[in-house]
Amino acid sequence: MTHVLSAVAWPYANGPRHIGHVAGFGVPSDVFSRYMRMAGHEVLMVSGSDEHGTPILIAADEAGMTPQQLADQNHRIIAEDLCALGLSYDLYTRTTTRNHHAVVQELFLGVYENGYFVEQTTKGAISPSTGRTLPDRYIEGTCPICGAGGARGDQCDTCGNQLDPADLIDPVSRINGETPEFIETQHFFLDLPALAEALTAWLDEREATGLWRPNVIRFSQNILEEIRPRAMTRDIDWGIAVPLDGWRENPTKKLYVWFDAVIGYLSASIEWARRSGDPEAWRRWWNTADGAQNQALSYYFMGKDNITFHSQIWPAELLAYSGRGSKGGEPREYGVLNLPTEVVSSEFLTMEGKKFSSSKKVVIYVRDLLSRYQPDAFRYFVAAAGPENQDSDFTWSEFVRRTNDELVAGWGNLVNRTATLIHKNFGEIPAAGELTDVDRAVLDAVEATFGTVGDLIGRHRQKQAIGEAMRGVAEVNRYVSDLEPWKLAKSDGDAERERLATVLHVMAQCVADLNVVLSPFLPFSANLVDAALGGSGQVAPMPRIEEVEDLDGGAPYPIITGDYSEMPAWARRPVQVGATVDKPTPIFVKLDTALVEEELARLA
RNA sequence: GGGGCGGUAGCUCAGUCGGUCAGAGCAGAGGACUCAUAAUCCUUGGGUCGUGGGUUCGAGCCCCACCCGCCCUACCA
């Protein structure tokens with residue numbers, strides 16, 4: 001039994017998420033997790049809303065709300081959207097829970113006690129009226145190099161030079177227009193150089209597996225070369241308190257949002273365990289570094305902009321807590337924590353050739369998409385044409401084409417013609433007579449897809465995986481066309497009748513198999529397909545939203561959770577002879593090509 | 001500026017260790033069939049593999065230079 005942690009990127013709760021976000025981490029992580037469960041692994045899939053940090057504060061100010069109110073609102077929207085996409089989280093929680101705060105502080109103390117924090121004084125900009133950190137990008141002014149106006153604190157877009165915000169001429173805050181104040185301020189820096197050796201060893205070992213995507217491993221090793229301490233606290237009043245005397249009480253010093261967000265993988269695992277009734281259960285996914293009997297693997301899903309935090313900052317935190325850096329040390333109560341097995345980063349999805357931009361209205365939100373289209377149509381597009389290895393483009397015409405020509409015409413039609421033929425001729429799944437070589441050939445080809453598709457999903461090659469599954473679909477369509485069962489149906493002879501039963505039985509078996517193979521990609525329709533062929537309609541369990549109490553006395557909140565224990569195994573299951581097959585209704589909605597123009601008009 | 005990725009048929013892309021590697025799907029053309037959401041099945045066109053050099057018996061594949069697109073390089077997340 002292998003324990004598999006599916007650690008899915010935490011969506012930032014400053015607004016609703018668009019389809020680019022879920023294409024990058026949502027759908028791929030769900031396909032992987034569903035497959036791994038069916039393949040017999042003990043999967044724990046966790047994520048949550050990332051709710052601290054400056055952008056939330058700003059969005060809250062603009063909306064006239066408190067940051068907590070804004071986070072509450074967006075957390076709910078995001079959770080509902082992810083749930084509606086069928087993403088099978090064991091727990092989707094949030095970073096404003098008491099549990100998360102406590103786990104983050106525990107990690108901080110572990111890192112601190114082992115000596116991997118260094119205190120440094122830095123110069124930084126703050127807003128004089130609020131005392132909050134003013135990040136470089138929120139300061140603008142005249143570029144000291146080229147004299148252009150509107151230069152940002154970190155970089156001038158006109159001349160391209162990188163800047164120090166203190167050098168800007170007439171700097172102003174983009175948040176409220178006031179002149180920033182540059183002050184000396186104390187912060188805790190994560191001593192990354194003291195962890196560099198351990199990080200290098202870990203990355204080398206990971207590289208040797210040959211499993212990481214080449215650009216991810218290369219990028220990760222590259223950033224290791226210029227490693228330096230990184231501030232893990234901020235001058236801000238929205239976040240998690242620094243759990244040290246003299247700091248804890250300071251309302252304007254909080255932990256850096258990225259220090260806390262990645263810890264969510266651990267805190268969510270712990271929260272899941274506490275809610276499951278076995279508070280120590282999380283350790284089976286996290287504490288197997290030192291010769292535990294079972295094996296635990298962890299896969300982190302995210303977009304490429306997050307690689308740094310998952311292949312450097314997060315493993316550094318884990319190493320520091322576990323006492324595995326050059327300064328040594330001992331772990332506290334959580335023990336030696338596992339490092340990521342694989343950082344599975346996707347590239348970016350673009351929209352009609354352009355970057356997503358909510359301000360420029362080059363965007364489609366998950367909610368809007370799902371209000372008009374089937375979740376599986378979108379999931380299919382992402383699996384078949386998503387940004388797996390390189391940036392890919394979402395266009396409405398391609399979405400319509402993929403849906404109509406591949407999903408509806410290929411798979412949907414095979415299901416439909418199979419169910420119709422069986423319904424008309426037998427009304428139930430007929431028993432097979434003697435199989436011919438042609439029958440065996442198609443059955444073998446379809447059964448082989450369990451191996452090929454499963455292997456590809458396990459190696460995070462979902463584009464190829466769904467391609468192989470669809471090749472199986474084409475093969476069965478070819479079988480049907482070749483054998484022309486409708487002609488057999490027109491004959492009265494017993495031999496023809498038995499042959500017809502055999503062919504339809506083979507078709508039903510192939511469709512049932514392909515349905516299982518496709519179920520990680522198309523869970524909603526998998527249930528409908530199963531029901532259409534006389535099954536229970538319970539092939540792909542679905543997540544649900546649940547309102548829960550905070551475990552430690554905080555405010556209640558919605559989570560995503562679910563029971564995924566009833567998934568079928570990743571293997572052929574003989575179809576049930578005698579199961580009733582009714583006249584089918586189409587499962588996939590064919591799209592009107594006119595919607596391309598309608599959708600493009602919405603973007604303008 | 002530094003690092004990385006990509007530029008292959010009209011479109012979207014595969015091409016593992018240099019040797020049937022010039023491919024698939026879609027669109028286009030022709031045909032078969034009628035069980036099926038006019039779906040399916042068969043046949044078919046064809047591209048200087050970004051540009052220019054180089055290494056090699058042999059290069060989309062390796063090396064160098066250049067052109068174009070994108071990403072990372074932030075105290076945003």
Side-chain angles (χ1 to χ4, degrees), chain A residues 9-14 50-56 58 122-126 133-139 152-155 160-163 165 185 187 189 213-216 218-219 221-223 225-226 230-236 256-258 261 303-309 347-348 350 353 355 384-385 387 389-393 395 397-398 401-402 404-410 412-425 463-464 467 470-471 473-474 476-490 500 503-504 507 584-591:
Chain A
W10 289 52
Y12 197 60
N14 62 341
D50 179 8
E51 305 175 283
H52 299 306
T54 309
I56 298 266
I58 294 168
T122 60
K123 238 177 27 173
I126 59 162
T133 299
L134 204 45
D136 292 355
R137 69 180 315 218
Y138 289 110
I139 303 171
R152 282 176 298 147
D154 54 342
Q155 188 175 23
N161 284 291
Q162 288 190 14
L163 306 174
T185 177
H187 284 298
F189 283 65
R213 291 176 179 161
N215 41 352
V216 179
R218 224 168 323 195
F219 179 81
Q221 289 173 322
N222 203 277
I223 56 178
E225 284 168 20
E226 292 175 33
R230 219 173 144 138
M232 290 292 138
T233 50
R234 290 289 185 277
D235 293 291
I236 190 171
Y256 175 39
V257 61
W258 263 115
K304 61 179 162 185
D305 53 334
N306 277 350
I307 294 174
T308 301
F309 302 100
E347 305 290 306
F348 285 161
T350 54
K355 282 180 74 168
N389 284 311
Q390 57 183 286
D391 292 354
S392 75
D393 195 28
T395 64
S397 63
E398 185 68 0
R401 189 194 72 69
R402 291 265 183 194
N404 288 353
D405 295 354
E406 298 180 13
L407 202 52
V408 176
N413 185 235
L414 175 62
V415 173
N416 224 29
R417 68 200 303 209
T418 301
T420 304
L421 279 168
I422 293 173
H423 169 68
K424 280 188 181 172
N425 291 293
K463 274 183 162 174
Q464 207 182 329
M470 293 305 281
R471 187 197 302 277
V473 170
V476 181
N477 266 324
R478 191 172 308 121
Y479 169 84
V480 178
S481 292
D482 287 349
L483 297 204
E484 302 179 309
W486 48 90
K487 286 189 177 166
L488 292 170
K490 284 175 185 154
L500 175 64
V503 171
L504 295 189
M507 285 172 66
T585 52
I587 288 166
F588 297 99
V589 177
K590 186 165 181 172
L591 302 175

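Residue numbers start from 1 in every chain, and the chains themselves are labelled A, B, ... in the order their sequence lines are given, proteins ahead of strands. Computed from heavy atoms alone, side chains included, the values below leave out hydrogens, waters and symmetry copies.
- Here B:rU34 presents its P atom at 13 Å from CG of A:L421, a figure rounded to the nearest Å.
- Side-chain N/O atoms of A:K590 include one lying less than 4.0 angstrom from OP1 or OP2 on B:rA39.
- We find that CZ of A:F309 is positioned 12 Å from P of B:rC72, with the value rounded to whole Å.
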| said: At under 4.0 Å between heavy atoms, how does the protein contact nucleotides 24-30 of chain B? Give one character per nucleotide, 5' to 3', with B, S or -. | reply: -SSS---
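- Atom name C1', nucleotides B:rG19 and B:rC61: the rounded distance is 12 Å, in whole Å.
- The shortest distance between the side-chain N/O atoms of A:K463 and the OP1/OP2 oxygens of B:rU12 is not below 4.0 Å.
- In this structure, A:N306 places its CG atom 10 Å from P of B:rU73, rounding to the nearest Å.
- In this entry the distance linking CD1 of A:I56 with P of B:rC75 reads 20 Å, nearest Å.
- Taking a pair to require two hydrogen-bonding distances under 3.5 Å in either a Watson-Crick or a G-U wobble arrangement, B:rG6 pairs with B:rC68.
- Going from atom CD1 of A:I422 over to atom P of B:rA36 covers 14 Å, rounded to whole Å.
- Base-pair partner of B:rG23: B:rC13 (Watson-Crick or G-U wobble, both distances under 3.5 Å).
- Within the structure, every side-chain polar atom (N or O) of A:K304 is placed at least 4.0 Å from both OP1 and OP2 of B:rG4.
- When distances are taken from the side chain of A:F588 to each of B:rU37, B:rA77, B:rC35, the shortest belongs to B:rU37.
- Across all strands shown, B:rG28 forms a Watson-Crick or G-U wobble pair, both distances under 3.5 Å, with B:rU44.
- Taking the salt bridge (Lys or Arg N to Asp or Glu O under 4.0 Å) definition, one finds that A:R478 meets it with nothing, sequence neighbours left out.
- Spacing between atom CZ of A:F219 and atom C1' of B:rC70 amounts to 14 Å, rounded to whole angstrom units.
- The nucleotide whose nearest atom lies closest to any side-chain atom of A:N477 is, among B:rC41, B:rA36, B:rC35, B:rC41.
- At distances below 3.5 Å, at least one donor-acceptor pair connects side-chain atoms of A:H187 with backbone N or O atoms of A:T233.
- B:rG23 and B:rG47 are spaced 13 Å apart, taking the P atom of each and rounding to whole Å.
- Residue-level contact check: A:N222 touches the backbone only, with heavy atoms under 4.0 Å from sugar-phosphate atoms and none from bases.
- Nucleotide B:rU40 holds its P atom 11 Å from the CG atom of A:L414, rounded to whole Å.
- Taking the side chain of A:R402 as heavy atoms from C-beta on, and the options B:rC33, B:rC41, B:rU12, the nearest nucleotide is B:rU12.
- Projected onto RNA chain B by closest heavy-atom contact, A:G410 and A:N416 fall at different nucleotides, the more 5' of which corresponds to A:N416.
- Distance noted for atom C1' between B:rG45 and B:rG31: 15 Å (whole Å).
- Base orientation of B:rG60: syn (glycosidic angle within 90° of 0).
- Here A:P485 lies out of heavy-atom contact (under 4.0 Å) with every strand.
- Within the nucleic acid shown, A:A474 comes within 4.0 Å of sugar-phosphate atoms alone, with no base atom in reach, counting heavy atoms only.
- Only the C1' atoms considered, B:rG50 is 10 Å distant from B:rU8, to the nearest whole Å.
- Side-chain contact between A:W486 and A:R417 is present, with heavy atoms from C-beta onward closer than 4.5 Å.
- No donor-acceptor pair closer than 3.5 Å links the side chain of A:T418 to the backbone N or O of A:M507.
- Look at the P atom in both B:rA27 and B:rU43: the space between them is 16 Å, to the nearest Å.
- Spacing between atom NZ of A:K487 and atom C1' of B:rU40 amounts to 14 Å, rounded to whole angstrom units.
- For B:rC33, there is no paired nucleotide, since no Watson-Crick or G-U wobble pair has both relevant distances below 3.5 Å.
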